[in-house]
Amino acid sequence: MEDFNINYDESQVPHYTLPDPLTFEDGRPVVDAAAWTTARRPELVALFEQTVYGRAPARPEMLVFEVIEEADDALEGHATRKQVAIRLGDGPQAAVLDLLIYLPHARSGPAPLFVGLNFMGNHTVTADPAVRLPSSWVRNIPDRGIEDHQATPAMRGSASSRWALTEILARGYGLATLYCGDIDPDFDDGFRNGVHALYERDDTAGDAWGTLSAWAWGLSRALDYFETDPAIDTARVAVLGHSRLGKTALWAGASDPRFALVISNDSGCGGAALSRRRFGETVRRINTVFPHWFCTNFKAYNDNEAALPVDQHELLALIAPRPLYVASAAEDLWADPRGEFLAAHAADPVYRLLGTPGLPADTWPEVDRPVWGSIGYHVRAGGHDVTAFDWAQYLAFADRHLG
Ligand code: GCU
């Protein structure tokens, strides 16, 4: 096993200088909100595409939504459950993304909603026996009888503690989720499966899209469906994700401005944490163990973070002026909780330039003491997970910003 020299000692964090989001690549300052929106923001989006996540295609022409099921008596009569097949492309390579949606009955008008990818299949998010099992590749879990990469009912509800479904619905929000593996199975196959297979790929292009970029693109396809569903308020869709799927939620929010609010839960390296700090997971470690997540060009920054034209605070800044929540966990050192706070703090000048309150904190807040402006942040007690505490903040933050 390669030695990655993982550092957990604050005194060993290298001295670094962050690129300034409010300075153009040619050194000119960004003088006002218009210069940010029309010129600097697109410049940064292109840099993230070229050097970190890779370039995703536009919305496909062949995009069909098939409502497979609509039941208005779900969850003991409190919600409507919809299961929608998003069909992409045709022929043998066609991909189908299964979207699961719960909408609250207690609401006036179209529902605002949270959307996020799940790790193991829609059926893991809730024990609701009507939820369809994925037919795409899933990770084998021999202890749970999962072999040959086929989903089984054994995992129903296994991730339900991470999705505060009852609470979300009671507060008047819907929840939508889809399995990341429907979009792109999470292993390195040379980009021949999932939605990558729908497109010609130039393997020599260092900026061809990786898996995180494909997952984010899949979230945009869910948004395309929401735009066709009158029961959903498309102007109030919050995208969220945990860990690798938190990295994905941030890139989805940065690259698709239709997401009204973005939540990163413990996203760490390649997500909300600053790469230059090299605390916990590093660029070299993530590119080595997960060679398919980012674009090939990102590998040039292994052990060479200072050469990156961007850092992750600029990813957060791309979400401005839309509300953004960054959540860390105190024991989740692998994800560098302090580096996540520092990135949010370094995104604040862009939020302020755009006339929002930004992040009202200059020092890393105490554990379990959320701070909120248009950027929300907390470091929760405990480890790498999504908990009831996290959801309590997300719901209150959404109430404040989505109304
Ligand atoms: C690994 C990986 C992280 C990632 C995490 C997860 O720990 O190194 O970058 O966030 O898996 O997705 O659970």
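Counting convention: from 1, in listed order, for ligands and their atoms alike. What's counted below: heavy atoms across the whole structure, side chains too, no hydrogens, waters or symmetry copies.
- With salt bridges taken as basic N to acidic carboxylate O contacts below 4.0 Å, one links Asp266 and Arg380.
- Scanning the protein heavy atoms around atom 9 (O) of ligand 1, the nearest turns out to be Glu281 OE1, 2.6 Å.
- Salt bridge Asp336/Arg338: absent, no basic N to carboxylate O contact under 4.0 Å.
- Between Arg244 and ligand 1, an N or O atom pair is found at a separation short of 3.5 Å.
- Between Glu305 and Arg277 there is no salt bridge, since no side-chain nitrogen of the basic residue lies less than 4.0 Å from a carboxylate oxygen of the acidic one.
- Listed by number with element, the atoms of ligand 1 under 4.0 Å from a non-hydrogen atom of His384 are 13 (O).
- With no hydrogens or angles considered, no side-chain donor-acceptor pair links Tyr53 and Asp207 at under 3.5 Å.
- The side-chain tip of Arg400 does not point at the ring of Phe397 from less than 6.0 angstrom away and within 45° of straight on.
- Against a heavy-atom cut-off of under 4.0 Å, Ile286 is close to the following atoms of ligand 1: 9 (O).
- Listed by number with element, the atoms of ligand 1 under 4.0 Å from a non-hydrogen atom of Trp334 are 2 (C), 3 (C), 7 (O), 8 (O).
- In the vicinity of Lys247, heavy-atom distances shorter than 4.0 Å reach the ligand 1 atoms 3 (C), 4 (C), 9 (O), 10 (O).
- With no hydrogens or angles considered, a side-chain donor-acceptor pair links Ser243 and His384 at under 3.5 Å.
- If you number the atoms of ligand 1 from 1 as listed, the ones under 4.0 Å from a heavy atom of Ser243 come out as 4 (C), 5 (C), 6 (C), 10 (O), 12 (O), 13 (O).
- Each of the atoms 4 (C), 9 (O) of ligand 1 lies under 4.0 Å from some heavy atom of Trp293.
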